[in-house]
There are 2 protein chains.
Amino acid sequence: MATRGLSVTNKLREAVLGGDYAGGTRLNEVDLADALAVSRTPIRAALSTLAAEGLLEYRPNSGYAVKSFAAKDIEGIYVVRANLEGLCARLVAQQGLSDVHRGLLHKVLAESEELQNVESWTDEVSDLWRDLNDRFHNTLIEASGNSHLAMMLRKSRAIPLLNQLKFRWFDMGTLARAHDDHSQIFAAITGGQVVRAESLAEEHVYRSGQRIIEHWRKMDTRKPAVATKARAA
Amino acid sequence: MATRGLSVTNKLREAVLGGDYAGGTRLNEVDLADALAVSRTPIRAALSTLAAEGLLEYRPNSGYAVKSFAAKDIEGIYVVRANLEGLCARLVAQQGLSDVHRGLLHKVLAESEELQNVESWTDEVSDLWRDLNDRFHNTLIEASGNSHLAMMLRKSRAIPLLNQLKFRWFDMGTLARAHDDHSQIFAAITGGQVVRAESLAEEHVYRSGQRIIEHWRKMDTRKPAVATKARAA
DNA sequence: GCTCGATTGGTTGCATACAATCGAGCTCAG
DNA sequence: CTGAGCTCGATTGTATGCAACCAATCGAGC
C-alpha cells in the first residue's frame, strides 16, 4: 500500500462490504481518523472514493453514510449483473479461450468437483467455495479482454453487507447445482456454443440472485428497529 | 452548487468530457487550483471523484492523468452499452410506460420528426439532435426504474473527448436513420414487443458505436505526435 | 401548551504549511 | 560514449487550524 489514503480506502471498503456498519450508518470523519490513527485528510479521500464507487451516499455539509439497499435494489442490480455476465460468457465463447485461461478454469472446476465430497456445509467450506466462485467468474471476465465490462461487473458485485451473508445459506444441493452450472458454462464456451454460453451464464447468475434476494428479505424484515435507528442517526 | 468541491468536480468533468485535455494529459493540482481560484483541497476531492468515475487515471505519488482511450477501448465500451440499452428497453417494454414517460418520449419524437425538415447538417442542428438523443435515452433509462442500470449507463456514456466529436460527423441520412430507430423502439415498447424492443435498442446503439469508432480511428491516427507527447508528459 | 426563532454544540468544508516521494538531469567512473 | 548513482526541483501526501454550515435544543411570545 503506497499511500495512507489508499490503505484507508481499502480498509474502509472491506469494512463496508463485510457488513461492519448497518445500512444508513453515518461515518464520522474524526472517529474514523482516530480509529485508524491518521488525520482526517486520507479519511476524506477514502470516503469520497467509496461514495463514487456507490458504497456510500454523500450529502453536502452532512457527510457520508453507508448506502442501504432494499430487496428491490438488489433485484435491480442482479438483473444488470446477470445480463453482463451473459455478455461476458458470450464474448469469451466468441473469441475462444487462451491456454492460460482454459487452464485456470479447468483447475477451478477440478477443485470444485473435489469439494462435492465434503459431508456438510460448514463455514470453512463456505469460504473455499467463495474463493472458487470468485476465481471462476474473475477468470471469465479477464478472458473477455474487456476492461470496461470488468469494471461494470466489479461494481455490480460489490454490495455492502452482501459479503457477510453470501454462501452462509448454501447447502450441498445448491453447491452441486452451482458447480454444475459452471461446468456447463465452461463446456459451452470451449465448444464455441455462443448463444448457449450466454444463456447459461445469465441464468446462473439470475438464479443465484433470486436466492440472495430471498435471504435479503428475511434479513431486512428481521431487524426493523436497527434499520430505523441507523437511518435516523 | 453547494460546496466548492462539487462545483469544481462538475467543471472539471465537463472539461474532460468536452475534450479540453488530450488523452494522457497530466493534471497539475496547483495549476488547477490557480485556474479555478480555490485551494488544492477541493481540487483533490474532484480529481479523486473523477478517477473513480473512470475519467482519470491515478498513480500514487504521481497524480492524475486524463484516461486515454484507444479505438479498441471504445469498442469494448460500446459492446457493453449496447447490451445495457437493450436490457433497458426490454425492462421498459415488460413493465410498460407510465403516462408521463410516454408523453416525454412522444414529445421527443415529435421534435425529432420536425428536425428532419432542415436542409443541411449544421452545428446548431447537431446540438439540437444531441439534446433530443439524450432526452430519448435518459427517459428510457428513467422509465426502467432501475437506478443501478442508470448508473452503469451513465458511466458507459461518459467518455473523454467523445462529447467533442459526437454528431459533428452526422449527416441528414444518419439523422433520419437514428430517428427511425427511436420511433421503432418506441413502437415496440408501447406494443409490448419485449424481444423486439431489446434487439432494436441494442442494434441501434451498436450501429452508432461502429460509426463513432470509425471516426475515432481517424482522429487517433491523425495526430500521433500529440498523443505521444501527452502520454509521455 | 404550542409554534417559531435564536443559540450553540458538533461536524464538515477549505486553506495552508510541512513532509515524503518521484523523476529529470547531472556527474563521474569505467 | 555509456550507464550507474546522486542531487535537486517539482509535485503530491498528510496534518492541522479555522471558517461555514446544519440540526437539535432551549426559550420567548402568542
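Just so it is clear, the values below take in all heavy atoms, side chains as well, and ignore hydrogens, waters and symmetry mates. Chain identifiers are assigned alphabetically (A, B, ...) following the order of the sequence lines, protein sequences preceding nucleic acid strands; residue numbering begins at 1 within each chain.
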Tell me whether A:Trp129 contacts the main-chain N or O of A:Leu115 through its side chain, where contact means a donor paired with an acceptor under 3.5 Å. no
Using Watson-Crick and G-U wobble pairs with both distances under 3.5 Å, what is the 5'-to-3' dot-bracket string of DNA chain D, with [ ] for crossing pairs and | for pairs outside the strand? ||||||||||||||||||||||||||||||
Not counting sequence neighbours, which residues clear side-chain contact (heavy atoms from CB on, under 4.5 Å) with [X]? List them please.
{"X": "B:Arg207", "value": "B:Arg177, B:Asp181, B:Glu203"}
{"X": "A:Asn28", "value": "A:Val30, A:Asp31"}
{"X": "A:Glu57", "value": "A:Lys67"}

Looking just at side-chain N and O atoms, do A:Arg130 and A:Asn133 make a donor-acceptor pair shorter than 3.5 Å? no
Considering only heavy atoms, which members of residues 42-61 of chain A lie under 4.0 Å from some atom of DNA chain C? A:Arg44, A:Tyr58, A:Asn61
Which whole-number value in Å describes the distance from [X] [atom1] to [N] [atom2]?
{"X": "A:Arg4", "N": "C:dC18", "atom1": "CZ", "atom2": "C1'", "result": "13 Å"}
{"X": "A:Tyr64", "N": "C:dT12", "atom1": "OH", "atom2": "P", "result": "10 Å"}
{"X": "A:Leu6", "N": "D:dG13", "atom1": "CG", "atom2": "P", "result": "8 Å"}

Let me have the donor-acceptor pairs involving side chains of residues 39-48 of chain A, under 3.5 Å, with sequence neighbours excluded, atom names and distances please.
residue: A:Ser39; atom: OG; partner: A:Thr41; partner atom: N; Å: 3.2
residue: A:Arg40; atom: NE; partner: A:Glu29; partner atom: OE1; Å: 3.0
residue: A:Arg40; atom: NH2; partner: A:Glu29; partner atom: OE1; Å: 2.9
residue: A:Arg44; atom: NH1; partner: A:Glu29; partner atom: OE1; Å: 3.4
residue: A:Arg44; atom: NH1; partner: A:Glu29; partner atom: OE2; Å: 2.7
residue: A:Ser48; atom: OG; partner: B:Ser48; partner atom: OG; Å: 3.3

At a heavy-atom distance below 4.0 Å, what parts of residues 32-39 of chain A sit against DNA chain D? A:Val38, A:Ser39
Suppose we screen for salt bridge (charged side-chain N to carboxylate O under 4.0 Å, His left out). Which residues come up paired with B:Glu111, at least two apart in sequence or across chains? B:Lys107, B:Arg135
Sequence neighbours excluded and cut-off under 3.5 Å, please list the side-chain donor-acceptor pairs for residues 140-156 of chain A, or say none.
residue: A:Glu142; atom: OE2; partner: A:His101; partner atom: NE2; Å: 3.3
residue: A:Ser144; atom: OG; partner: A:Ile141; partner atom: O; Å: 2.7
residue: A:Ser144; atom: OG; partner: A:Asn146; partner atom: N; Å: 3.2
residue: A:Asn146; atom: OD1; partner: A:His148; partner atom: N; Å: 3.1
residue: A:Asn146; atom: OD1; partner: A:Leu149; partner atom: N; Å: 3.0
residue: A:Asn146; atom: ND2; partner: B:Gly76; partner atom: O; Å: 3.0
residue: A:Ser156; atom: OG; partner: A:Met152; partner atom: O; Å: 3.0

Contact list for residues 38-66 of chain B, test ring-ring contact (aromatic ring centres under 6.0 Å, His included), sequence neighbours left out: B:Tyr58-B:Tyr64
Which residues pass the side-chain hydrogen bond (donor to acceptor under 3.5 Å, both in side chains) test with A:Asp20, sequence neighbours left out? none
Side-chain N or O of A:Arg40 versus OP1/OP2 of D:dG17: is the shortest distance under 4.0 Å? no
Please figure out whether A:Thr41 or B:Glu29 has its closest DNA chain D nucleotide nearer the 5' end. B:Glu29
Taking ring pair (Phe, Tyr, Trp, His ring centres under 6.0 Å) as the test, write out the residues that go with B:Tyr21, two or more places apart. none
